[in-house]
K.L.:
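Have a look at this one.
First listed ligand is number 1; within each ligand, the first listed atom is number 1. All values below come from the heavy atoms of this structure, side chains included, with hydrogens, waters and symmetry mates left out.
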Amino acid sequence: MAPSDRPLLARADSQDSYREANEEDALLTGQAAPASESERSRWQKYREAGLSIYALLATITIIALAIVVNHESKRAHAKLPNNGWGEDGKPTGKRNLIFMVSDGMGPTSLSLTRSFRQYTEVLPKEDVLVLDDHLLGSSRTRSSNSLITDSAAGATAFSCGMKSYNGAISVLPDHTPCGTVLEAAKKAGYLTGLVVTTRLTDATPACFASHVNNRAYEDIIAEQMVGNHPLGQVVDVLIGGGRCHFLPNTTEGSCRQDDTNVVKMAQDKYGYNYIDNREDFDNLQARGGVELPLLALMADTDVPYEIDRVHMDDVYPSEAEMAELALNALEAASKDSAAKGFFLMIEGSRIDHTSHGNDPAAHVREVLAHDKAFATVLDFLNDSETPGVVVGTSDHETGGLAAGRQVGQAYPVYAWYPSVLANASHSASYLSHKWAAYLDSDAGQKASRKQKAKFIRHELFERDFGLYSILEEEVESIIDATIFWPPSWIFADLISQRANVGWSTHGHTAVDVNIYASDPRHAEALIGNHENIEVGKFLADFLEVDVEAITKELVQKGVRTHGSDESEWSWMGPTNSPVSEEGLAQSHEHQDIHAELLNSRSGGRFEAQIREDRILA
Ligand SMILES: *[C@@H]1O[C@H](CO)[C@@H](O)[C@H](O)[C@H]1NC(C)=O
Ligand SMILES: *[C@@H]1O[C@H](CO)[C@@H](O)[C@H](O)[C@H]1NC(C)=O
Ligand SMILES: *[C@@H]1O[C@H](CO)[C@@H](O)[C@H](O)[C@H]1NC(C)=O
Ligand SMILES: [Zn+2]
């Protein structure tokens, strides 16, 4: 049965007639209701049978739930203040803290993903995401210099517990470094880790283990992250993408400006075990115990979007798999040692990127992957003998995502259509890369406009998006796309329109974001509405570490690891960047793009990728 044909709404609480239910189905799928009488009676039977089975199951479930909830709450209460937990809601001794960042995930992301999952997995409308079940409060996200933050200022609020300017990587508005919770944790005897699905040198992970004046200094960030830093080596587990910033410019696949080999530096100088492929990753996973420190660079740049990654599972691990490896490694290493426990930051980094691309089909898969990683962490905490907590939040919302959209001048229907997103098997970004590759191929170079249109319709919209209702002028708009409104944005807009999903921007927004925790009693300070720096303060407070002492040490030890001219810039890179001064996180990237456009042989043909890949901030 095609997804759109399922008798989706055969639900116990829906007492309306078949006709209404069927219309409701149509509202969810965007498909016209089936019309024939025989079909109607067939559905009627399904529906009635479904209703009685459902009613019975629902009764049994409610009774079972009542027993479990009762039992669980007794068990949980019994845990306090025993089992290592003190009266103050904090562990009395050894403890683990996992901090999960859902970059760019706003409240609408949850609504959209929840309905998407109910639709694709045929779940009842009461079914919620794991995150939904652990909602605690909300966070206000502005930075020191703008009502709309970027990920650098957002993560500095978490790592240092201080507001700073857009683009700041754990430095303050006066360009002095601020100590981070990860550095303080390491100093206090905890093991530490960072797991991300983007480049390890990107803003969020960078803020925990490096200090630079501008998030664009990813080459410096890579070095600091492995230990070329006033405090030395502070991260025990590093798993994610961004390999290109660790390889010297003389190597294939490098994106460094210089010939420093940061992988070799990590291995020789700071003792890291290094892996860079799925096979080694799986071997480590199977072995359980991993020798620390570990540097696992699983992708040149970003790990592919989940919607694309599932087709390349033999190359790239998922967020949940990377989280699990880190959790097991840190748990094993802290078991019989003097370690106080561990601090691990896990980021669903690319939720943000799907929203920068306004790509709802990729977005819901990315949120689901993060939800799964959150569940993995909950399971870990439940099984671990060491008391611990997971706190999750976002640095900001991206895209101005709306679960509803007016398309055209007619009064809008009250509906959005998960089925449209379910039909897609790839991201808009994948489609645009495939289109670029086609144009570069022999066939593409010889193709007439008509042949190009055919390729776009059949090989992209139909095969990869499962979209069959694309108009001729919409196909043409892909052929005529320019760098300023690239093909990937058009692909994404067309699938958004068909799903009735809206976006207000390709950038970030200022809406408050959610805060989650494994157990509200272990994160009481975060119940309700908070400033993002209070999340950072909670992290340091839970671990009982002194971030200010680290700040003092950093300022004292502020040695020059880069540059020879004292007057020019310190170890944290130049301060005179457009980012730090104006809070324009992408301005230098815009300049790059324009330069590439001018240099481009093909006059703005596939700078789409350049724009798309660079502008994500
Ligand atoms: C590689 O880096 C070195 C400095 O470390 C520089 O002199 C050289 O020009 C770079 N080569 C390329 C191809 O960028
Ligand atoms: C937590 O662990 C207990 C015992 O190990 C198990 O019975 C229970 O199902 C687990 N709960 C969750 C939510 O995983
Ligand atoms: C989804 O795919 C099915 C075929 O698998 C197709 O019949 C249906 O029209 C598609 N939905 C949309 C909105 O294009
Ligand atoms: Zn962003």
Side-chain angles (χ1 to χ4, degrees), residues 1-6 26 28-32 34 101-106 109 119-120 141 143 146 148-155 166-167 197-199 202-204 215 219-220 223 244 247-262 302 347-358 360-361 363 366 394-401 407 415-425 457-458 460-471 474 494-501 505-510 513 562-563 585-586 589 612-617:
M1 212 185 288
S4 55
D5 296 337
R6 284 181 198 136
L28 276 171
T29 59
Q31 302 288 314
V101 179
S102 39
D103 198 310
M105 183 180 84
S109 301
Y119 173 77
T120 52
T141 66
S143 68
S146 178
I148 299 182
T149 187
D150 81 326
S151 292
N166 288 2
T197 54
T198 183
R199 306 178 307 287
D202 197 24
T204 308
R215 58 181 292 166
D219 289 352
I220 307 179
E223 290 180 43
C244 77
L247 298 174
N249 69 359
T250 49
T251 316
E252 168 105 10
S254 167
C255 56
R256 280 190 77 81
Q257 301 285 316
D258 63 22
D259 55 7
T260 307
N261 186 336
V262 184
D302 298 315
E347 185 191 31
S349 320
R350 305 206 69 204
I351 298 170
D352 176 61
H353 298 180
T354 59
S355 294
H356 279 288
N358 288 4
H363 185 76
E366 215 61 27
S394 308
D395 43 2
H396 54 76
E397 198 266 358
T398 305
L401 174 60
V407 183
W416 78 271
Y417 309 119
S419 66
V420 175
L421 307 188
N423 259 24
S425 54
R457 175 176 298 283
H458 298 301
L460 302 176
F461 278 115
E462 291 180 4
R463 183 187 298 268
D464 297 331
F465 260 8
L467 257 188
Y468 293 83
S469 57
I470 293 302
L471 307 174
E474 292 172 330
L494 289 170
I495 198 169
S496 297
Q497 282 189 33
R498 296 306 190 272
N500 265 12
V501 167
T505 175
H506 281 279
H508 298 174
T509 73
V513 293
H562 276 82
Q586 296 107 343
E589 285 160 359
E612 188 182 354
D613 293 345
R614 292 209 178 155
I615 222 163
L616 311 173

K.L.:
Does either side chain, that of Glu366 or that of Thr354, offer a donor lying less than 3.5 Å from an acceptor on the other one?
P.N.:
no
K.L.:
For Thr198, what residues pass the side-chain hydrogen bond (donor to acceptor under 3.5 Å, both in side chains) criterion, not counting sequence neighbours?
P.N.:
Asp302
K.L.:
For ligand 1, what is the set of protein residues having any non-hydrogen atom at a distance below 4.0 Å?
P.N.:
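Under the 4.0 Å cut-off, ligand 1 touches Asn249, Gln257, Asp258, Asp259.
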K.L.:
List the residues meeting side-chain hydrogen bond (donor to acceptor under 3.5 Å, both in side chains) with Ser394, not counting sequence neighbours, and say none if there are none.
P.N.:
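By the side-chain hydrogen bond (donor to acceptor under 3.5 Å, both in side chains) rule, Ser394 matches Ser102.
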K.L.:
Restricting to non-hydrogen atoms, name the atom on Arg215 and the atom on Asp202 that form the minimum distance, rounded to 0.1 Å.
P.N.:
NH2-OD1, 3.4 Å
K.L.:
If we only count N/O pairs under 3.5 Å, is Gly466 in contact with ligand 3?
P.N.:
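Looking only at distances, the answer is yes, because the N/O contact criterion of under 3.5 Å is met.
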K.L.:
Among residues at least two apart in sequence or on other chains, which ones pass side-chain hydrogen bond (donor to acceptor under 3.5 Å, both in side chains) with Arg498?
P.N.:
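With neighbours one apart ignored, the set is Ser469, Glu474.
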K.L.:
For Gly348 versus Thr197, what's the shortest heavy-atom pair and its separation?
P.N.:
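Between these two residues, the closest heavy atoms are C-OG1, 4.1 Å.
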K.L.:
Are side-chain N/O atoms of Thr509 and His396 paired as donor and acceptor at under 3.5 Å?
P.N.:
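No pair is found: no donor N or O on one side chain lies under 3.5 Å from an acceptor on the other.
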K.L.:
At the Zn ion (ligand 4), what is the angle formed between atom OD2 of Asp352 and atom NE2 of His356, rounded to the nearest 10°?
P.N.:
90°
K.L.:
Among Asn358, Thr398, Leu401, which one satisfies side chain to side chain contact (heavy atoms under 4.5 Å, CB included) with His363?
P.N.:
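Only one of Asn358, Thr398, Leu401 forms a side chain to side chain contact (heavy atoms under 4.5 Å, CB included) with His363, namely Leu401.
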K.L.:
For a distance under 2.8 Å, tell me if His396 has an N/O/S atom near the Zn ion (ligand 4).
P.N.:
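His396 does not place any N, O or S atom closer than 2.8 Å to the Zn ion (ligand 4).
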K.L.:
Are any of the N/O atoms on Ser469, whether in the backbone or the side chain, positioned under 3.5 angstrom from an N/O atom of ligand 3?
P.N.:
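It does not: no N or O of Ser469 is found under 3.5 Å from an N or O of ligand 3.
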